[in-house]
**Student:** 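The structure's right below; bear with me while I get my questions together.
The analysis underlying the following values was restricted to heavy atoms, covering all of them including side chains, and did not include hydrogens, waters or symmetry mates.
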Amino acid sequence: MVVLLIAGCSSSEKIDSKALEKIEVKKTTDETVQDDFIFRLVSKKDHYKKGEEVILYGEIVYKGDKEEVNINHASSAIFFNIREETRGYEIGYAVKDIGLTTTLHRLGSPYRKQYTKNVVNNPEAVAKDYEELMEDFLNNDGFPPGYYKVKGHTDFSLSSEGELEQKKFNMEAAIDFKVVE
């Protein structure tokens with residue numbers, strides 16, 4: 001099992017609701033193109049209320065000449081790195097499987113991965129504020145109040161018949177959103 005873990009440092013300041021409301025969200029959708037693939041990262045809204053479900057997903061669209069292609073990836077071909085900016089903490093995630101294959105159809109239904117809470121706690125992040133954030137994040141609906149930046153990335157490979165080497169694809173997209181009281 002490969003574990004990807006990211007944790008940040010922060011002051012122990014609480015979220016200032018008035019300051020949070022002043023933060024301007026820059027973009028809720030971003031996309032990157034590499035060869036015959038489009039990677040898109042989307043938050044359905046620029047701000048959510050505390051306890052509201054955050055709708056966040058990534059998708060890969062195949063736009064090449066073949067009717068379908070097989071991509072090889074880990075438990076997901078899409079990963080989400082999330083950072084709560086006002087506190088300076090990153091929310092880690094775990095990769096559970098490797099060696100999966102998914103078929104993508106040309107301009108058909110995209111491969112879509114909806115974000116689900118999947119946190120790996122960092123034993124080195126012992127700040128009380130971090131523990132409170134993770135407890136709130138895991139035990140309640142939605143996200144705790146804050147300003148979140150999300151970097152989505154893909155990591156998959158494509159092999160064609162007759163080719164010995166697999167072509168690797170790594171694309172990134174970045175969005176942001178906030179959660180208010």
**Student:** If I compare all heavy atoms of Ala77 with all of Ile60, which pair ends up nearest, and what's the gap?
**Tutor:** CB-CD1, 3.8 Å
**Student:** Starting at CG of Asn170, measure out to CZ of Phe39 and round the result to the nearest 0.5 Å.
**Tutor:** 11.0 Å
**Student:** Testing the basics here: between Pro110 and Val61, what is the closest heavy-atom pair and its distance to 0.1 Å?
**Tutor:** CB-CG2, 3.7 Å
**Student:** Starting from the C-alpha separation in whole Å, work towards a yes-or-no answer on salt bridge (Lys or Arg N to Asp or Glu O under 4.0 Å) for Lys66 and Glu68.
**Tutor:** CA-CA 5 Å; Lys66 298 179 182 176; Glu68 64 183 36; over 6 Å; no
**Student:** From Leu20 CG over to Glu181 CD, what is the distance, rounded to the nearest 0.5 angstrom?
**Tutor:** 9.0 Å
**Student:** Closer than 4.0 angstrom, basic N to acidic O: yes or no for Asp35 and Lys167?
**Tutor:** yes
**Student:** For Val69, run the side-chain contact (heavy atoms from CB on, under 4.5 Å) check against Asp36, Leu158, Thr103 and tell me which one passes.
**Tutor:** Leu158
**Student:** Can you check whether Lys49's main-chain N or O pairs, donor with acceptor, with Glu52's side chain at less than 3.5 Å?
**Tutor:** yes
**Student:** Any luck finding a side-chain donor-acceptor pair between His153 and Glu172 under 3.5 Å?
**Tutor:** no
**Student:** State the CD1-CG distance between Ile82 and Asp176, to the nearest 0.5 angstrom.
**Tutor:** 12.5 Å
**Student:** Does a donor on one side chain sit under 3.5 Å from an acceptor on the other, for Tyr48 and Ser43?
**Tutor:** yes
**Student:** If I compare all heavy atoms of Leu133 with all of Pro144, which pair ends up nearest, and what's the gap?
**Tutor:** CD1-CG, 3.7 Å
**Student:** Salt bridge (Lys or Arg N to Asp or Glu O under 4.0 Å) for Glu21 and Lys178? Distances and angles first, verdict last.
**Tutor:** CA-CA 8 Å; Glu21 288 178 18; Lys178 62 184 175 179; over 6 Å; no
**Student:** What are the two closest non-hydrogen atoms of Asp136 and Pro145, and how far apart are they?
**Tutor:** OD2-CD, 4.4 Å
**Student:** Can you name the nearest heavy-atom pair linking Asp30 to Ile175, along with the distance?
**Tutor:** N-CG2, 3.8 Å
**Student:** How long is the straight-line distance from CZ of Phe79 back to NZ of Lys113, given to the nearest 0.5 Å?
**Tutor:** 8.5 Å
**Student:** To the closest 0.5 Å, what do you measure between CD1 (Ile78) and OH (Tyr57)?
**Tutor:** 10.5 Å
**Student:** Check whether any side-chain heavy atom of Thr86 lies under 4.5 Å from a side-chain heavy atom of Ile23, and answer yes or no.
**Tutor:** yes
**Student:** Do other residues, nucleotides or ligands put more than 12 heavy atoms under 6.0 Å from the CD atom of Glu135?
**Tutor:** no
**Student:** Minimum heavy-atom separation for Gln114 and Ile55, please, with both atom names.
**Tutor:** NE2-CG2, 3.7 Å
**Student:** Going from CD on Glu53 to NZ on Lys44, what distance comes out if it is rounded to the nearest 0.5 angstrom?
**Tutor:** 11.5 Å
**Student:** List the steps and the verdict of side chain to side chain contact (heavy atoms under 4.5 Å, CB included) for Val179 and His47.
**Tutor:** CA-CA 6 Å; Val179 178; His47 74 278; over 6 Å; no
**Student:** I'd like to know whether Val150 forms a side chain to side chain contact (heavy atoms under 4.5 Å, CB included) with Leu56, so could you lay out the CA-CA distance, the side-chain angles of the two residues, the decisive distance to 0.1 Å, and finally the verdict.
**Tutor:** CA-CA 9 Å; Val150 182; Leu56 173 65; 4.1 Å; yes
**Student:** Is the Tyr111 to Tyr62 ring centre distance short of 6.0 Å?
**Tutor:** no
**Student:** Just by distance, no angles: are the side chains of Thr101 and Asn70 close enough, under 3.5 Å, to form a donor-acceptor pair?
**Tutor:** no
**Student:** Test salt bridge (Lys or Arg N to Asp or Glu O under 4.0 Å) on Glu84 and Arg87 and set out the steps.
**Tutor:** CA-CA 6 Å; Glu84 200 292 305; Arg87 293 178 187 91; 3.3 Å; yes
**Student:** Does Lys117 count as lying over the ring of Phe137, i.e. NZ or CZ under 6.0 Å from the six-ring centre, within 45 degrees of the axis?
**Tutor:** yes
**Student:** Do Lys63 and Val33 pass the side chain to side chain contact (heavy atoms under 4.5 Å, CB included) test, and can you show the C-alpha distance, the side-chain angles, and the key distance before you say yes or no?
**Tutor:** CA-CA 10 Å; Lys63 61 180 185 109; Val33 177; 3.8 Å; yes
**Student:** With side chain to side chain contact (heavy atoms under 4.5 Å, CB included) as the test, would you mind laying out the steps for Phe80 and Leu41 before giving the verdict?
**Tutor:** CA-CA 9 Å; Phe80 303 90; Leu41 185 62; 3.7 Å; yes
**Student:** For Tyr147 and Phe177, what are the C-alpha separation, side-chain angles and deciding distance, and is it a ring-ring contact (aromatic ring centres under 6.0 Å, His included)?
**Tutor:** CA-CA 6 Å; Tyr147 173 55; Phe177 64 89; 8.5 Å; no
**Student:** Phe143 vs Tyr115 aromatic rings, parallel, tilted or perpendicular, using cut-offs 30° and 60°?
**Tutor:** tilted
**Student:** Step through the shown structure and confirm whether more than 12 heavy atoms of other residues, nucleotides or ligands are within 6.0 Å of CG on Asn139.
**Tutor:** yes
**Student:** So if you build clusters from Ile, Leu, Val, Met, Phe, Trp, Tyr with side-chain heavy-atom gaps below 4.5 Å, do Met171 and Leu107 land together?
**Tutor:** no
**Student:** Are the side chains of Arg40 and Thr29 in contact, using a 4.5 Å heavy-atom criterion?
**Tutor:** yes
**Student:** Is the shortest side-chain N to carboxylate O distance from Glu24 to Lys26 below 4.0 Å?
**Tutor:** no
